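Keep in mind it's a predicted model, so treat the numbers as computed, not measured. The first residue in the sequence is number 1, and the count goes up from there.
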Amino acid sequence: MLKEKFHIEFVMSSATQASLWRMISQVDGLSEWFADEVTMNEEENVYTFFWGKSDNQAEILGSKPQQSIRFRWLDEEEENIYFEFQLHKLELSNEIALQITDFAEPDEKGDAITLWETQIDKMKRRLGV
């Protein structure tokens, strides 16, 4: 079954752009909410994410500092499948929003969104927002 792209957005209230950028792009930030532990091979631009006894590696496909970062799981067979974090300021409220782009099989999309919501709630608690 082909995976479908989806976008979800979270308003991050009083969080600063710098603190959010750390959470989505730095080893220490990602290990606070995304995985139990994160390491990075800087030469290859590859992050290794650990959850309990399992791990998975993702390469950085592209990054615009303080704005967006795109990863691709190394075990993903399809070349055009990725997950991306984008930060942007909301015009009316001046708050920062975090948009996540990801892919999931149609029957797993709801579970994927729920997982992201759970993870972002954890990030918000860590940031105190």
Nearest heavy-atom neighbours spanning [X] and [Y]:
X      : Y     : answer
Leu87  : Gln17 : CD1-O, 3.9 Å
Glu37  : Ser31 : CA-CB, 4.2 Å
Leu127 : Ala15 : CD1-CB, 4.1 Å

Separation between CZ (Arg126) and CG (Asp121), nearest 0.5 Å, reads 13.0 Å
Output for pair (Asn56 CG, Phe71 CZ), nearest 0.5 Å, gives 12.0 Å
Indicate yes or no for a side-chain donor-acceptor contact from [X] to the backbone of [Y] under 3.5 Å, with no hydrogens or angles considered.
X     : Y     : answer
Tyr47 : Leu30 : no
Glu78 : Asn80 : no
Glu84 : Ser68 : no

Notebook entry, point to check: Can a salt bridge be assigned to the pair Glu77 and Lys3 using a cut-off of 4.0 Å between side-chain N and carboxylate O?
Noted result: no
For residues 113-120, run the donor-acceptor check on the side chains, cut-off 3.5 Å, and write out each pair with its distance to 0.1 Å, sequence neighbours left out.
unit_1 : atom_1 : unit_2 : atom_2 : d
Thr114 : OG1    : Gly110 : O      : 3.0
Trp116 : NE1    : Asp102 : OD2    : 2.8
Thr118 : OG1    : Thr114 : O      : 3.0
Gln119 : NE2    : Trp33  : O      : 2.6
Gln119 : NE2    : Phe34  : O      : 3.3

Discussion item. Could you go through Lys64 and Arg70, starting from their C-alpha distance and side-chain angles, then the distance that decides it, and tell me whether this counts as side chain to side chain contact (heavy atoms under 4.5 Å, CB included)?
Written reply: CA-CA 9 Å; Lys64 293 180 185 170; Arg70 182 179 288 190; over 6 Å; no
Do [X] and [Y] land in one hydrophobic cluster if side-chain heavy atoms of ILVMFWY residues count as linked below 4.5 Å?
X      : Y      : value
Val27  : Ile24  : yes
Ile100 : Val129 : yes
Met23  : Trp51  : yes
Phe103 : Ile60  : no
Phe10  : Met123 : yes

So do [Y] and [X] actually touch side chain to side chain, heavy atoms under 4.5 Å?
X      : Y     : value
Asn41  : Glu59 : no
Trp21  : Thr16 : no
Leu74  : Val46 : yes
Thr101 : Phe6  : no
Lys124 : Met12 : yes
Met40  : Val38 : no

Checklist entry - If you measure only the distance, is there a donor-acceptor pair under 3.5 Å linking the side chains of His7 and Gln86? => result no
**Prompt:** Would Gln57 and Thr48 count as having a side-chain donor-acceptor pair, cut-off 3.5 Å?
**Reply:** yes
Applying side-chain hydrogen bond (donor to acceptor under 3.5 Å, both in side chains) to Glu44 and not counting sequence neighbours gives none
Under the ring pair (Phe, Tyr, Trp, His ring centres under 6.0 Å) rule, what do Phe49 and Trp73 come out as? Steps first, then yes or no, please. CA-CA 10 Å; Phe49 300 94; Trp73 295 115; 5.5 Å; yes
Practice task
Establish, yes or no, whether the cationic atom of Arg72 lies under 6.0 Å from the six-membered ring centre of Tyr82 and within 45° of the ring axis.
Solution key: no
Given the options Gln26, Lys122, Arg125, Arg22, Glu32 meets side-chain hydrogen bond (donor to acceptor under 3.5 Å, both in side chains) only with Arg22
